[in-house]
**Student:** 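Got a structure here, written out as structure tokens. Questions coming.
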Amino acid sequence: MLASAEAKQIGVVAKESGVPIKTIRYYEELGLLKSSGRTEGGFRLFNSDVLERLHFIKRAQSLGLTLSEIKEFLNVHDRGKLPCEHIKIKLEDKVKAIDAQIQQLLILRQELSGLLSGWEIKPDNSHSTICPIIENESEFNDPIPH
């Protein structure tokens, strides 16, 4: 395939985007990026939109989206549609998951604070006990899901 004058070699893409060559190859392997061909020396060539795609991938990752989810969005985009509604649903799911994590962390914090507020080393001659304060669950009903 002949490359257009706008095509960029993978090294140039890496330099301009700040994304390592190895990562660009990985994204191509996953189908997030598509090279437009190769140079006579075998270097991958990418169209000018590659920088925009890489920026989108990195931004979406920073929002907690997985590469699999990002690939779905890019596939919708590549079919000529805006993936915004799909992205909105995923981000709403992320917010719900974060809220659940916050609740779990607040419960854990409360339990740890309770343990620390009454901290007193109690001598125990029983060799089966490692630390009686941690092993004593009578004050709490194990609020942390396992």
**Student:** Can you list every salt bridge (Lys or Arg N to Asp or Glu O under 4.0 Å) pair that touches residues 16-33, not counting sequence neighbours?
**Tutor:**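 As it turns out, the salt bridge (Lys or Arg N to Asp or Glu O under 4.0 Å) pairs with a partner in residues 16-33, which skip direct neighbours, are K8-E16, E28-R44.
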
**Student:** How does the hydrophobic cluster around L106 look, that is, which other residues are in it when side-chain heavy atoms under 4.5 Å mark a link?
**Tutor:**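 So far as hydrophobic clustering goes, L106 is joined with I98, I102.
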
**Student:** Heavy atoms only: give me the nearest P20-A14 pair and the separation to one decimal.
**Tutor:**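 Looks like C-CB, 4.4 Å.
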
**Student:** Take atom CD of Q61 as the centre, draw a 6.0 Å sphere, and report whether it contains more than 12 heavy atoms from other residues, nucleotides or ligands.
**Tutor:**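 Atom CD in Q61 is crowded, with more than 12 foreign heavy atoms closer than 6.0 Å.
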
**Student:** For E85, which residues count as a salt bridge (Lys or Arg N to Asp or Glu O under 4.0 Å) partner, sequence neighbours excluded?
**Tutor:**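 Partners of E85 under the salt bridge (Lys or Arg N to Asp or Glu O under 4.0 Å) test: none.
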
**Student:** Identify, with sequence neighbours excluded, every residue that meets salt bridge (Lys or Arg N to Asp or Glu O under 4.0 Å) alongside D78.
**Tutor:**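 Once residues adjacent in sequence are excluded, the partners of D78 under the salt bridge (Lys or Arg N to Asp or Glu O under 4.0 Å) criterion are K34, R53.
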
**Student:** Please name all residues satisfying side chain to side chain donor-acceptor pair (under 3.5 Å) with S62, sequence neighbours left out, ordered by chain then number.
**Tutor:**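 By the side chain to side chain donor-acceptor pair (under 3.5 Å) rule, S62 matches R59.
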
**Student:** Counting only heavy atoms not in K15, do more than 12 fall under 6.0 Å of its NZ?
**Tutor:**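 No, NZ of K15 has 12 or fewer neighbouring heavy atoms, counting only those of other groups under 6.0 Å.
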
**Student:** Show every salt bridge (Lys or Arg N to Asp or Glu O under 4.0 Å) that has at least one partner inside residues 63-77, sequence neighbours left out.
**Tutor:**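 Sorted result for residues 63-77: E69-K90, E69-K94.
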
**Student:** Taking C-beta and beyond as the side chain, do R38 and L45 meet within less than 4.5 Å on heavy atoms?
**Tutor:**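 No, their side chains stay 4.5 Å or more apart.
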
**Student:** Could you list the residues that satisfy side chain to side chain donor-acceptor pair (under 3.5 Å) with S48, not counting sequence neighbours?
**Tutor:**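 By the side chain to side chain donor-acceptor pair (under 3.5 Å) rule, S48 matches E6.
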
**Student:** Within the supplied structure, the quantity of interest is the number of heavy atoms (other residues, nucleotides, ligands) at a distance under 6.0 Å from I89 CD1; does it exceed 12?
**Tutor:**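 Atom CD1 in I89 is crowded, with more than 12 foreign heavy atoms closer than 6.0 Å.
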
**Student:** What salt bridge (Lys or Arg N to Asp or Glu O under 4.0 Å) pairs are there with at least one residue in residues 96-109, not counting sequence neighbours?
**Tutor:**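 Counting only pairs at least two positions apart or across chains, no salt bridge (Lys or Arg N to Asp or Glu O under 4.0 Å) contact touches residues 96-109.
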
**Student:** Who else is in L51's hydrophobic cluster (ILVMFWY, side-chain heavy atoms under 4.5 Å, direct or via others)?
**Tutor:**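 I10, V13, V19, I21, I24, Y26, Y27, L30, L32, L33, F46, V50, L54, F56, I57, L63, L65, L67, I70, F73, L74, I87, L91, which link up through side-chain heavy atoms under 4.5 Å apart, make up the rest of the cluster.
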
**Student:** Any chance you could measure L112, atom CG, to L116, atom CG, to the nearest 0.5 Å?
**Tutor:**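 Reported to 0.5 Å precision, the distance equals 6.5 Å.
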
**Student:** Starting from L105, walk the hydrophobic network (Ile, Leu, Val, Met, Phe, Trp, Tyr; side-chain heavy atoms closer than 4.5 Å) and list everyone else you reach, by chain and number.
**Tutor:**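 Grouped by the 4.5 Å side-chain rule, L105 forms a cluster of one, so the answer is none.
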
